[in-house]
Structure formats: C-alpha cells, structure tokens
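Structure first, commentary second.
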Amino acid sequence: MTYGNNIYDFIVVGSGPSSVSAAWPLVKSGKRVLMIDAGKDEILPNAVNDPLSLKDLRNGTHSHFFQGVNLSKLFNQEFSSPKIRISGENFSEYLKLNKLEANNFSLTGLIGAGGLSRIWGAACSCYDDDDLFESEIKLKDLLPSYIKIANRIGMTGNNSSSIAKFIGDQLPLQGSLELTPLMKKLISSYGDKSFKNFLMGETLTAVIGRNIDSRGACTGEMRCMWGCPSEAIYSAKQEIRQLLSFDNFEFRQNIVVDDLIQNKTGQWDVRGIERTSSGRKYFSGNKILLGMGIFGTTRLVMEKFLPKGKSLRVLHNPSFSGAMVIPGFIGRQLPPKGYGGSQLCFRIQLSGGKQEYAFGLIFDAASLPAYDLMRHMPFTRYGAINITRALIPGLFILMVYMPSRLSDSHVKLEPDNKLKINGDYDLNFKNSYSESVRHIKSAFYKLGAYSLPGSFKAYMPGAEVHYGCTLSSAGVISKNGELKMAKGIYVIDGSSLPVLTAKSHTLTIMANADRIACGLV
Amino acid sequence: MTNDIRGMHFLVTGGGGYLGQNLVDELLLRGSFVTLLTSSEIALAHHGLRKVKWNLYFKDHELENLKFDNNFPNPSALIHLAHSWSNALDEEGRNINLFGTLNLYKWAKERNIKFIFASSVSAREGALNQYGKVKFLIEKSLVLPDTVIARIGLIYGGKRLSQWGLLYKLVGSSRMLPMVDPWVRVQPICVEKVIEGLICIAIRDRLPRKIYTLATSKDISFGDFLKLISEQVFHRPLLIVPISSKLVFYILNLIPEYFVNTAALKDRILGLIGITKINNSEELNELNLVIGDIKIYDDIELAQEEIINEAILIMTSITNKRPSVSSIEKYVLAIKQFHKGAPYRFPFWIVTPFFLRLIEPLPFGNMKDTKAGELLDRFNLALGILESGESANKVYNYTSGNSNIVFFIFIFIIEAVLLPIRWVYWRFRQ
C-alpha cells in the first residue's frame with residue numbers, strides 16, 4: 001500500500017475540458033491541485049513533421065495517414081467522423097474501466113489526457129437566459145466564465161453575424177476563419193433573402209486565429225477531421241502542458257479511480273487502481289472535483305452516494321444528419337484550403353415555446369472523407385465514386401441537434417455496480433423530427449440548395465455525443481456544484497450541467513466547471 | 001504418432017493430381033526425397049524434389065532409360081497414383097491403365113523396389129463402373145511379393161482439387177443441391193489420413209495383408225456427408241434434393257455421345273451407387289491408423305488465395321481497373337483482422353466484376369449478421385483502402401474544373417437500371 005504522503009487542497013479526477021477548466025482558477029490561486037487521469041498517453045505537443053494540406057495527403061501516396069497502422073482506422077466503420085475513428089480503440093477502454101454497459105445507446109468516452117475534447121468538433125455556443133429559464137443558474141453567473149475561457153483557449157467567429165446573438169456575441173474573438181466558396185455562397189444567399197424562424201451564420205469555434213504558446217494559428221490545411229498538425233483546434237491536452245509549468249499542479253496518469261471515502265479528519269480519500277502495477281493508490285484531498293466524463297462520474301456517484309436501485313434520466317439531443325447540394329457547384333474543383341470543421345451553423349424554431357429549437361452545424365464536404373458519403377449511397381461503389389467526385393464540390397452536410405426533452409434515456413446501477421444505459425427517444429421525437437426536416441429543407445431550398453434523396457437519417461441515441469445532466473436533473477447537486485449528500489465532493493463535468501439545450505454544449509460545460517471552481521477559491 | 005521418414009526416397013506417379021500434390025508436399029515436409037514420375041510441367045521448388053519424364057504409355061525400353069538423380073538414396077517405395085481417366089487403349093488395344101501399370105510394375109520389381117498401388121474402394125469383381133473394374137483388374141495382376149494395394153475411399157480436405165474440389169465448390173455455391181441417390185453410404189477419409197496410411201504402407205516391412213482399405217470404418221450417407229461440409233466449412237444448413245439415378249441415366253442416354261462426353265459422368269455415378277460397405281477396422285489397427293469423426297476444415301493458406309481473388313474481384317468492380325499489389329495486401333490484412341480471415345462465398349456465377357455489380361447490397365436497413373451486410377462490409381473495406389490509396393485522384397476532384405456531364409448522366413442511367421436488380425436479388429435471398 002502506498003499512501004499519498006501529502007494532502008492536496010483539491011483533487012481533480014479526470015483530465016477532460018471540464019477538469020482543466022476547473023483546475024485553472026484553483027492553480028492560479030496557489031492551491032495544491034492534483035489531477036488524476038486513467039490514460040497513459042503522452043501529453044507532448046503534436047510533432048508537426050508533416051505540415052501537408054488535405055489536398056496533398058489525398059494524392060494517393062499517404063494512405064497510411066487515412067487508414068492507420070494495420071488499417072486500424074478502417075475498423076469501426078459505424079463512426080461517421082474520421083476524428084472519432086482515429087481513436088476508436090479507446091472507446092471500449094472507457095466503457096470497460098468505468099464499468100458501463102449501453103443498450104440502444106451509442107456511448108463515447110475517451111481515456112487519456114484531454115478526454116473527449118481530443119475528438120471535439122470545436123463548435124461552441126453560449127447558453128442565454130431563455131435556455132437557463134428553469135435553472136437557478138443564470139447567464140450572469142456563467143458569462144464571466146465564458147469570457148475567461150474564450151480568452152484562455154482562443155476562439156474565432158463573427159460577433160456580428162445574424163446568429164451571433166443566439167450563440168453568444170459577447171466573447172472576445174481572434175477574428176474569423178475564411179469560408180470556403182460553397183459556404184460563402186450560402187451566407188451571401190442568406191444575406192440576400194429574409195427568413196422567418198431561421199437563423200444562420202458563422203460558427204463560434206475553439207480554433208485559434210493567432211499563435212498561443214506551442215499552438216499555431218489555423219492555416220487552413222483542411223485537416224481538422226484527422227487531427228490538426230499545428231494544434232489550432234482546442235484540446236484540453238494542450239492546457240495540461242501549460243498547467244504543468246505551475247509548481248502547485250500535479251498530474252498523475254494511469255490511475256482508475258473507483259472509490260471515494262471520507263476519513264476521520266473530514267478529508268476525502270480518492271482511491272484507485274494503478275493500471276501499470278494493478279496496485280491500489282490512495283490520495284487525500286480537502287475537496288474533490290469529479291470530471292471523469294458524464295457516465296464515469298454518474299456511475300461513481302450513484303455507487304457511493306445514491307440509494308441503490310435508483311434510476312436517473314440522462315438527457316441527450318436526438319440528432320440527425322442530411323446531405324444538401326448546390327447544383328451550380330457540381331463538377332467544380334475542390335477548394336485546396338480552408339477550415340475543415342463546421343464553418344456555419346443555423347437555428348430553426350420549432351413549435352412549442354422559445355426553448356424549442358433545433359441547432360445545426362454545416363460541414364463543407366470538401367473536408368470530409370468521400371468514403372463516408374459513398375458508403376451511404378444506394379449506388380454501386382463504381383457509380384458512387386464517379387457521382388461523388390462530381391457531387392462533392394457542391395455538397396455540404398448538416399448535423400442537426402434537437403431539444404433534449406425529445407430524449408427518453410435512463411441510467412441505472414446494476415447489482416454488480418455496472419452502470420446500464422438504456423437509450424430511447426420520446427414519443428414526440430418522430431413528429432419533431434419530420435417538422436425539423438421539412439423546415440430545414442424549405443429554408444435551404446430558398447438558399448439554392450437541394451437535399452439528396454434519402455440522405456436524412458436520424459442517429460441512434462447518444463451517437464451525437466451531446467449528453468449530460470444526469471445528476472443535476474436528479475436534484476442531487478446544489479448550485480455551487482457540490483453533491484448534496486457528500487460535502488466536499490463537487491461535480492464539474494456534463495453530469496452537473498444545469499440544462500441541456502440543442503446548442504453545442506462543450507463550452508458551457510467548461511464555463512460551468514470554471515464557475516464551480518471559482519466559487520471554491 | 002507419425003512415422004519417421006527423414007532421408008528416405010520415394011518414387012511417386014500421379015504427383016500432379018489431388019492426392020499426389022498433397023502427398024508430395026507432406027513427404028517433402030517430413031524431410032524425405034521425392035522423385036516424380038511425370039509427364040506434366042511441374043516446377044521443382046524444393047531441394048528434395050526431382051522429376052523424371054514418364055507416362056502410362058512408356059514401354060520397357062523407355063523405362064530402362066529412366067535417369068535418376070544419383071545424389072538421392074535408393075528408393076524405399078514406388079507409390080503409383082497415376083490413373084488415366086480416358087481409359088484409352090494402347091496401339092495393341094489394351095487398356096492403358098492396366099498395361100501402363102504392369103510395365104511400371106515389372107520395371108520396379110526388377111529393381112526390387114516396393115510397389116504401392118493406389119486403388120479404390122469401388123475395385124470389385126462385379127464393379128458397376130469402369131474405374132472399379134480396371135482397378136480390380138490391375139489389383140489381380142500385381143502378384144509379386146513386396147506389393148501393397150491401398151483401396152482408398154472418398155477423400156476430403158487439403159487442396160481443393162479433383163473430386164474434393166468439385167464437392168467443395170458444389171456445396172459452397174448453393175444452399176440447395178440436387179443429388180443422385182444421396183442415401184448411398186460412403187466411407188470418407190481426410191487426405192492427411194490417406195497420406196499417413198500410404199506412408200505407413202510404404203515403409204513397413206512384412207505387412208500381414210496385401211490389400212488395405214483406407215477409409216473411415218464408420219459409414220455415412222453421401223447426403224449427410226455433403227451436409228457436414230456445408231455446416232463445418234460454410235456454417236449453414238444444406239438442403240439435398242434426391243434424384244433417382246435411373247432418371248439421370250435415362251436423360252444422359254438421350255444426349256448423343258458426340259456432343260458431351262457423358263461416359264465419364266455415368267461412370268462416376270455408377271461408382272457412387274455401386275459402393276458397398278467395407279469393414280476395415282482391423283486393417284486400420286494394423287496400420288496404427290486412428291480415424292476420428294469427420295472434421296472438415298478450411299486450409300488457411302488456401303483461404304488466402306481466395307481472399308486475394310476476392311480482393312481483385314471487388315476492387316476491380318469498384319474502380320474498373322485491376323488493383324495494385326499493395327491494395328490487395330491491405331485487403332487481405334483487413335479480412336484477416338476484421339473477418340477472421342474467412343473468404344466471402346460468392347454465388348458461383350460471379351465470374352467477372354461486372355456480375356458483382358448486379359448483387360452489390362444496398363446500404364439500408366439492419367444488415368447486421370446478414371450475408372448482404374457481410375458483403376457490404378467488404379465493399380466498404382475495399383473502398384476505404386482505395387479511397388485514400390491508388391484511386392484517391394479519381395475520388396477527389398482538385399484539378400479539373402469541369403467534369404464530363406454526359407458521363408455523369410450515363411452513370412446515373414446505369415445505376416438506375418442496376419438498382420432494382422440489386423434490390424430484388426437481396427430481397428429474394430433473405
């Protein structure tokens with residue numbers, strides 16, 4: 001047995017975006033902070049030894065880059081984003097180490113420094129007071145944190161676009177990313193016409209426009225989906241490197257936390273297994289911040305502090321995707337440069353109240369692997385290649401998130417302490433889905449784009465990786481993030497998010513973590 | 001227990017055939033020398049392998065002139081597997097199998113070489129088929145000492161050639177097979193056991209019998225045997241539709257010999273229905289040969305060959321040109337990793353990439369654990385390999401400003417025609 005010979009002021013469990021955001025204010029205030037992570041990967045910066053653009057990589061001689069060593073990237077073909085495929089082998093690890101079991105629910109979690117932010121699409125948005133209508137946390141509580149984080153991680157966007165008021169126009173930005181021709185066409189058509197209940201504009205992104213530390217500004221190599229060579233896209237991993245320069249910050253990897261026990265002096269013992277030696281490790285801290293990822297945290301809290309057999313609701317945003325094409329662009333040349341993530345986003349208002357909206361991200365197909373488009377085409381592969389080649393320059397993909405009240409998924413702790421997640425949609429989902437699709441098709445028709453027949457498909461619950469609120473919606477977390485039944489334990493990740501809207505929620509998870517941590521200093 | 005044959009030298013006729021190839025491979029693997037008596041072109045890729053030109057038409061004086069490699073030790077045995085299916089006659093009007101064998105026999109016995117004759121379980125006095133009759137006639141003529149006759153049953157396993165290759169292909173091509181008299185009882189034996197038996201016969205002195213039957217002592221109906229192949233190799237049930245042999249003969253007799261050589265086919269059917277059970281358990285005991293239950297397996301190296309063919313077929317159908325070696329290698333690697341290295345069983349009529357386009361599954365619905373889903377997976381793997389590999393330039397249009405709109409429309413029309421065919425095919429199959 002090894003006892004941590006010191007007592008930390010704060011122990012942060014997990015190393016994802018929320019953990020890092022919570023660690024910053026604590027570390028800056030001089031407190032002793034320990035961050036524990038289950039991963040064993042290096043946290044060094046990306047070696048920029050292949051600053052090739054996507055166009056260069058696609059000339060046919062860099063197949064290993066797309067296929068991976070031993071074709072690992074081709075293994076799980078169900079994941080549509082190559083960003084997810086790249087680290088595909090880690091998902092099962094997250095499920096195994098956190099004792100999770102999913103049923104009709106696509107569960108994504110990453111073991112390793114940076115957590116899910118490593119595969120994050122970097123789309124951001126701020127909640128507004130309409131979103132937080134039912135919550136005791138208001139925009140005024142979150143806004144300082146939003147601004148602090150934007151300053152820290154570096155963001156780009158357009159604060160004067162039509163959608164800016166909706167996704168947040170008060171953040172300091174480092175300019176905007178240049179749009180590809182197809183996206184320019186969309187935004188200019190949008191400016192020419194008037195729309196009812198349809199907002200569109202540049203996406204707020206966690207991509208830097210100027211160099212920060214070891215990260216380089218976006219150079220438009222379009223490789224975002226496969227990992228940015230200059231690390232312009234935010235990942236919490238980058239911030240751990242910065243945090244390590246503080247003497248009062250410690251980072252321990254390879255430890256899977258599985259127990260929390262309050263000792264006689266009122267401090268908390270965080271216990272876990274070291275994966276390399278399989279030995280038990282103990283760390284004591286005055287306050288514990290849990291950021292192990294939504295389901296990891298939920299499981300631990302349910303096992304330790306909630307009555308057995310309790311079932312909690314997990315909110316998620318039912319989502320769907322669709323392909324649209326602007327005919328005038330068919331057969332044109334692909335843009336060699338640009339930002340490869342979501343450049344534009346939109347909001348459609350649904351019937352039934354102010355918070356009832358669907359939020360969508362638009363991706364230029366030029367930066368997506370044609371493979372993922374061809375796979376879903378009803379043509380023969382030979383036909384699909386030829387049709388895709390002509391189609392891609394005019395093609396863009398919509399990824400649409402619906403309100404979380406349309407989800408009906410639950411988590412339950414099994415007798416063997418496994419967390420079982422049962423995914424489902426609400427009965428109203430079908431109607432709202434077809435209403436959204438109708439609305440979107442007509443709005444984009446006005447912009448000169450047509451939907452590809454049969455391309456609109458709803459995802460399996462959870463596949464959109466927008467979930468959370470497990471503990472907050474159960475009412476076990478007070479406003480300051482503390483667990484009501486265990487003083488000194490704070491939940492900082494998505495499971496304590498006040499509400500889950502259709503907007504991109506990662507920035508809000510980070511802001512919420514920052515808010516909770518600031519309250520502790 | 002295997003017999004040690006290191007350093008021994010065997011003469012083998014018929015080394016290019018199904019049993020011959022498997023036998024020679026095994027002999028060489030176990031460190032013995034082999035001289036093939038053959039007239040066919042066989043590349044010698046092993047230091048222990050030599051060949052001497054010979055065929056069943058060779059006369060005494062031609063046999064006298066056979067030249068052997070002096071570096072090889074004296075031959076331990078001559079294993080005579082060669083058989084001419086033509087049953088042709090030599091200039092003097094004698095059956096070539098009989099007299100070719102007798103010439104060789106005389107030659108071997110003059111040199112004191114042990115003679116092993118591969119016969120058949122259908123060799124009988126009143127055999128229905130020509131094959132059985134000829135084999136029996138030869139057996140009777142081999143009267144000198146140090147001669148052993150191996151009567152071999154229905155062989156399965158190993159390289160997919162000859163009769164085994166045919167059965168494998170037939171069972172693999174369909175879930176339903178029409179079969180002549182499937183109730184006939186056969187005694188199958190796997191090729192390894194036949195080889196073990198032959199080696200044992202070849203090296204053991206003073207065997208108590210002249211004739212040994214190499215076959216499973218437990219018999220099984222022919223139909224059940226085919227079903228076993230289907231279950232164990234193809235993992236699916238097989239439906240056998242029995243056909244009366246009388247009906248088949250009636251039809252075969254209607255076909256003029258001039259168009260199709262029906263004689264060979266008739267002979268095979270006669271061979272099957274004329275089989276009688278042989279009780280050979282004592283013979284197997286004498287050879288220390290233990291034959292377990294029928295277990296048909298897939299040879300992994302052979303599977304690789306099939307996966308390569310599959311890669312070429314699928315990739316050619318995707319890009320319309322033959323894939324590069326590196327793409328094929330990747331495909332084989334992918335199938336080994338993600339599909340347990342099992343080749344896909346295409347219907348027998350998929351002979352060119354074009355036919356494959358007729359049955360490309362549509363990517364809709366729940367396809368998990370279906371045949372369509374498996375094929376689609378393989379298509380997607382091939383596509384994933386090609387998309388970022390050699391065909392990348394074809395997929396992404398970074399250079400040409402305008403693509404050929406006429407070609408685009410042409411492709412659309414073709415796809416519109418193919419779509420219902422593909423849909424109907426898989427609808428019908430599931």
Side-chain angles (χ1 to χ4, degrees), chain A residues 53-78 82 85 226 329-337 365-394 454 457, chain B residues 314-320 324 326-327 330-331 333-334 336-338 353-354 356-364 376-377 379-405 407-408 410-416 418-419 422-423:
Chain A
S53 69
L54 187 57
K55 183 195 166 196
D56 296 331
L57 286 168
R58 276 177 172 166
N59 70 6
T61 52
H62 294 83
S63 52
H64 63 280
F65 180 82
F66 300 96
Q67 296 162 357
V69 181
N70 284 339
L71 306 173
S72 54
K73 292 181 192 176
L74 291 180
F75 175 54
N76 205 332
Q77 302 174 15
E78 275 167 35
R85 260 207 308 268
W226 287 271
F329 279 74
I330 291 177
R332 284 205 198 173
Q333 200 174 334
L334 278 172
K337 285 217 158 204
S367 63
L368 300 173
Y371 171 70
D372 287 315
L373 305 169
M374 294 188 277
R375 237 155 37 84
H376 299 294
M377 290 186 170
F379 312 119
T380 66
R381 306 294 116 161
Y382 175 69
I385 284 187
N386 288 292
I387 290 165
T388 308
R389 178 181 167 83
L391 223 51
I392 287 189
K457 267 184 199 169
Chain B
I314 289 183
M315 288 178 161
T316 313
S317 103
I318 292 176
T319 60
N320 236 4
S324 70
S326 89
S327 292
K330 279 182 184 162
Y331 185 86
L333 176 71
K336 278 185 181 163
Q337 284 191 81
F338 313 140
F354 172 76
L356 196 54
R357 285 185 200 147
L358 295 175
I359 65 159
E360 260 199 64
L362 296 164
F364 301 124
L376 195 67
D377 262 6
F379 264 104
N380 287 334
L381 271 178
L383 188 66
I385 291 164
L386 293 169
E387 178 241 19
S388 49
E390 59 195 274
S391 302
N393 290 324
K394 210 176 147 107
V395 180
Y396 300 101
N397 179 7
Y398 280 108
T399 47
S400 66
N402 41 28
S403 73
N404 192 339
I405 197 77
F407 180 64
F408 189 60
F410 173 72
I411 291 277
F412 247 116
I413 293 169
I414 299 279
E415 291 296 331
L418 287 176
L419 198 75
R422 294 159 58 208
W423 186 79

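First the proteins, then the strands, lettered A, B, ... as listed; each starts at 1. Computed over heavy atoms, backbone and side chain alike; hydrogens, waters and symmetry mates excluded.
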**Message:** According to side-chain hydrogen bond (donor to acceptor under 3.5 Å, both in side chains), who are the partners of B/Glu415, at least two apart in sequence or on a separate chain?
**Reply:** A/Thr380

**Request:** Check the pair A/Ser63, B/Lys330 against side-chain contact (heavy atoms from CB on, under 4.5 Å), reporting the backbone distance first and the verdict last.
**Result:** CA-CA 11 Å; A/Ser63 52; B/Lys330 279 182 184 162; 2.8 Å; yes

**Prompt:** Can you tell which of B/Ile314, B/Leu362, B/Leu358, B/Ile385 has the highest number of heavy-atom pairs within less than 4.5 Å of chain A?
**Reply:** B/Ile385

**Message:** Just to verify, what does A/Asp56 make a side-chain hydrogen bond (donor to acceptor under 3.5 Å, both in side chains) with, not counting sequence neighbours?
**Reply:** A/Ser53

**Asked** Are B/Tyr398 and A/Arg58 close enough that a side-chain donor and a side-chain acceptor fall under 3.5 Å?
**Response** yes

**Message:** When you compare the side chain of B/Ser388 with that of A/Gln67, does any pair of heavy atoms fall below 4.5 Å?
**Reply:** yes

**Message:** Could you measure the distance from the CZ atom of B/Phe408 to the CD1 atom of A/Ile387? Nearest 0.5 Å is fine.
**Reply:** 6.0 Å

**Asked** In terms of side-chain heavy atoms, does B/Thr399 have a donor or acceptor partner in A/Gln333 at a distance below 3.5 Å?
**Response** no

**Request:** Might you work through the side-chain hydrogen bond (donor to acceptor under 3.5 Å, both in side chains) test for A/Arg332 and B/Asn397, ending with a clear yes or no?
**Result:** CA-CA 8 Å; A/Arg332 284 205 198 173; B/Asn397 179 7; over 6 Å; no

**Request:** Kindly indicate whether a cation-pi arrangement holds for A/Arg389 with B/Tyr396, taking the cut-offs as under 6.0 Å to the six-membered ring centre and within 45° of the axis.
**Result:** no

**Prompt:** Given that the side chain runs from C-beta out, which part of B/Pro353 has a heavy atom under 4.5 Å from chain A: side chain, backbone, both or neither?
**Reply:** neither

**Request:** Check the pair B/Asn380, A/Arg381 against side-chain contact (heavy atoms from CB on, under 4.5 Å), reporting the backbone distance first and the verdict last.
**Result:** CA-CA 9 Å; B/Asn380 287 334; A/Arg381 306 294 116 161; 2.9 Å; yes

**Asked** Taking the side chain as C-beta and beyond, is there a heavy-atom pair between A/Met374 and B/Val395 under 4.5 Å?
**Response** yes

**Prompt:** Rounded to the nearest 0.5 Å, how far does CZ of B/Phe364 lie from NE2 of A/His376?
**Reply:** 10.0 Å

**Region of A/Ile392 in contact with chain B, defined by heavy-atom distances below 4.5 Å** = side chain

**Item:** Leading residue by heavy atom contact count with chain A [cutoff under 4.5 Å; candidates B/Leu419, B/Ile414, B/Ile411]
**Value:** B/Ile411

**Message:** Could you check whether any side-chain heavy atom of B/Ile318 comes within less than 4.5 Å of a side-chain heavy atom of A/Tyr382, counting everything from C-beta outward?
**Reply:** no

